[in-house]
Amino acid sequence: MERFFVKGLNNRKKIEGILPVMGAKNAALKAQATSVLFKNEVLLHNMPFIKDVLTTNELLNDLGITTEYIDNRSLKLKPQKNLKKNLDTNIAKKLRSSIVLVGPILAREGEISFPHPGGCIIGQRPIDVFLEAFQKMGAKLEIKNDLYLLRAKKLHGTEIFFKKPSVTATETLMMTAILINGTTILSNCACEPEIAQLAEFLNSAGANIVGAGTHTIIIHGKKQLLNHGVYNVPPDRIEAGSFAAIAALCGKKIKITNCEPDHTKAMIHTLKNLGVDMKIGKNFISINTPQTLKAIEIKTHEYPGFPTDLQAPFSVILTQAKGRSLIFETVFDGRLNYLEDLQRMGANVVVCDPHRAIIQGPTKLRGREMESPDLRAGLAFLIAALVAEGNSIIHNIHNIDRGYEKIEDRLNAVGANIKRI
Ligand code: EPU
């Protein structure tokens, strides 16, 4: 089991230089899943080399889709004529995004069995919204031996109202509807930029999707596979935000490049409220670390609100902000557990309930040994360890590797001292 040994900077501002952002994990995984909709090759560029992408390749290979790296950022996927009708249980349980394959395989093959998807443990992650939608499209559902089985001789276009604006449900149903005869209308959709980008790619390959990026999406489907497609994975706005948190805390001067500031408005607004001085260009954010940070309230919300995936990294900033800050996590109900470890490092945190916590700052953080509970909290620990006095050891770093490519090399290049042991 690998772990990180992190030398704390003891609140000194030492990180300096350029941090380029990689392709977005949550766009790349869905782009890989689109291969099910195609007859021929799909070529994906700007792929991040992260664990979740490799796990998805394994899942696709098992289904009958070949994956081949043309270079270390470009992945070619090619489906066989007929795909397997079950998701490998062990692999699918490692990823929440395995659920995204279910709809397209159901539409293509008429049947699919799969386990409850896995992924980060950040609270309840039901799939009721998906199951309700597949049944509304005409599928029959059975649950046997902890596996879901969906069957449909023919799915039909229909109107689907999502009781919650779920990111993966919006993406899955949008993809499913492409291979169905007739029109599907999805309402109360999630509006994350990756959804509009995915639709744009699918439209460029012959799909007919209107309204992606808004709350109502209309898909005019055909029972016909798309021919071939090429997609450039957009930059990871969560990685950009994670780097911004590092810059706000321990940067001398940091320039975050290859990003799309237009898609990180809530994060930029939050940094301004904290007192962080920034220069923003079309595809970069330059940050000068302030002497003092101001306490603020952060409420997570679906896009365009403040992303839940940046809640943990930004809580670390709040431990160093002057005054009383509030964290209000509205999307997931188990995403504040990591705060206990920040408390043990010296942060003054009161967790009020599963959704709210008060952080009083600034307090010195002391390095310690901790376990990364999930991807984003793991990254938050890495940031806390950088700020802290003394050294830290972070275990379970496979959680961090799921979404951040070679993070230690990239941070060491700008002045951090992180060793993978
Ligand atoms: N929900 C339901 N029923 C469903 C689906 C969702 O009640 O059938 C609820 C969830 O419990 C949650 C809310 O709806 O309370 C929103 O969840 P959503 O479905 O939007 O989350 P997701 O699609 O499972 C994606 C990202 C997450 C990110 C969330 C929110 C992927 C693979 N994952 O998850 O990313 O936090 O959207 O933006 O796209 C991460 O990258 O670390 C990560 C967890």
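What you are looking at is a predicted structure, and each value in this text was computed from that prediction instead of being measured. Start at 1 and go down the list; that is how both ligands and their atoms are numbered.
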Margin query: Please evaluate residues Tyr404 and Ser242 with respect to the criterion side-chain hydrogen bond (donor to acceptor under 3.5 Å, both in side chains), reporting the C-alpha separation (whole Å), side-chain torsions for both, the decisive distance (0.1 Å), and the verdict.
Written below: CA-CA 10 Å; Tyr404 296 92; Ser242 309; 2.9 Å; yes
Note to self: Please evaluate residues Tyr231 and His45 with respect to the criterion side-chain hydrogen bond (donor to acceptor under 3.5 Å, both in side chains), reporting the C-alpha separation (whole Å), side-chain torsions for both, the decisive distance (0.1 Å), and the verdict.
What the structure shows: CA-CA 6 Å; Tyr231 182 48; His45 296 297; over 6 Å; no
Check: What's the verdict on side-chain hydrogen bond (donor to acceptor under 3.5 Å, both in side chains) for Tyr338 and Glu371, showing C-alpha distance, side-chain angles and the deciding distance?
Finding: CA-CA 9 Å; Tyr338 72 93; Glu371 281 184 24; over 6 Å; no
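Closest to atom 12 (C) of ligand 1, if we only count protein heavy atoms, is Val331 O, 3.4 Å. With respect to atom 19 (O) of ligand 1, the closest heavy atom belonging to the protein is Ser166 OG, 2.6 Å. Among all non-hydrogen protein atoms, the one lying nearest atom 36 (O) of ligand 1 is Asp309 OD1, 2.6 Å. Nearest protein neighbour of atom 30 (C) of ligand 1, counting heavy atoms only, is Thr308 CG2, 3.8 Å. Closest protein heavy atom to atom 34 (O) of ligand 1: Arg125 NH2, 3.3 Å. Among all non-hydrogen protein atoms, the one lying nearest atom 1 (N) of ligand 1 is Lys164 CD, 4.2 Å. The protein atom (non-hydrogen) at minimum distance from atom 41 (O) of ligand 1 is Arg376 NH2, 2.7 Å.
Residue contacts with ligand 1: Lys30 is placed with a nitrogen or oxygen under 3.5 Å of a nitrogen or oxygen of the ligand (distance criterion only). Checked against a 3.5 angstrom limit, the closest N/O atoms of Lys163 and ligand 1 fall outside it. Taking only nitrogen or oxygen atoms, main chain and side chain alike, Asp128 reaches within less than 3.5 Å of ligand 1. The shortest N/O to N/O separation between Pro126 and ligand 1 falls below 3.5 Å. Annotation: Phe332 places no N or O atom under 3.5 Å from an N or O atom of ligand 1; distance criterion only.
At a 4.0 Å heavy-atom cut-off, ligand 1 does not touch Glu171 at all. Of all the heavy atoms of Lys25, the ones lying under 4.0 Å from any atom of ligand 1 belong exclusively to the side chain.
In this structure, Lys419 fails the cation-pi test against Phe5, since its NZ or CZ atom is not both closer than 6.0 Å to the six-membered ring centre and inside 45 degrees of the ring normal.
Asn283 and Thr257 share no side-chain donor-acceptor pair at under 3.5 Å. There is no side-chain donor-acceptor pair under 3.5 Å between Arg237 and Tyr303. Side-chain contact, Asn40 with Asn227: a donor N or O sits under 3.5 Å from an acceptor N or O.
The neighbour count for Asp146 CG, taken as heavy atoms of other residues, nucleotides or ligands under 6.0 Å away, does not exceed 12.
Of all the atoms in ligand 1, the ones that sit under 4.0 Å from a non-hydrogen atom of Arg335 are 36 (O), 42 (O), 44 (C). Taking every non-hydrogen atom of Leu375 and a distance limit under 4.0 Å, the qualifying atoms of ligand 1 come out as 42 (O). Each of the atoms 8 (O) of ligand 1 lies under 4.0 Å from some heavy atom of Phe130. When each atom of ligand 1 is checked for a heavy atom of Arg96 under 4.0 Å away, the hits are 5 (C), 24 (O). Every atom of ligand 1 is numbered from 1 in the order shown, and the set under 4.0 Å from a heavy atom of Ile122 is 44 (C). Atoms of ligand 1 found under 4.0 Å from any heavy atom of Gln124, numbered from 1 in the order shown, are 11 (O). Less than 4.0 angstrom separates some heavy atom of Ile127 from each of these atoms of ligand 1: 8 (O). The contact set between ligand 1 and Val129, taken as ligand atoms under 4.0 Å from a residue heavy atom, comprises 3 (N), 4 (C), 8 (O).
The side chain to side chain donor-acceptor pair (under 3.5 Å) test applied to Glu340 returns Arg344, not counting sequence neighbours. Not counting sequence neighbours, the partners of His263 by the side chain to side chain donor-acceptor pair (under 3.5 Å) test are Glu260.
Judged purely by atom type and a 3.5 angstrom limit, Glu329 uses its side chain to pair as donor or acceptor with the backbone of Val331. Distance alone, capped at 3.5 Å, is enough to place a donor-acceptor pair between the Asp333 side chain and the Gln124 backbone.
Taking a 4.0 Å cut-off on heavy atoms, Leu29 fails to register as neighbouring ligand 1.
In this pair, Tyr148 and Phe114 present their aromatic rings parallel. The plane angle is below 30°, not in the 30 to 60° band. Relative orientation of the Phe314 and Phe306 rings is perpendicular, given thresholds of 30° and 60° on the angle between their planes.
Salt bridge annotation for Glu369-Arg3: absent, with no cationic side-chain nitrogen under 4.0 angstrom from a carboxylate oxygen.
The residue from Val167, Leu379, Ile238 that puts a heavy atom closest to atom 37 (O) of ligand 1 is Val167. Nearest to atom 26 (C) of ligand 1 by heavy atom, out of Asn26, Thr168, Val100, is Asn26.
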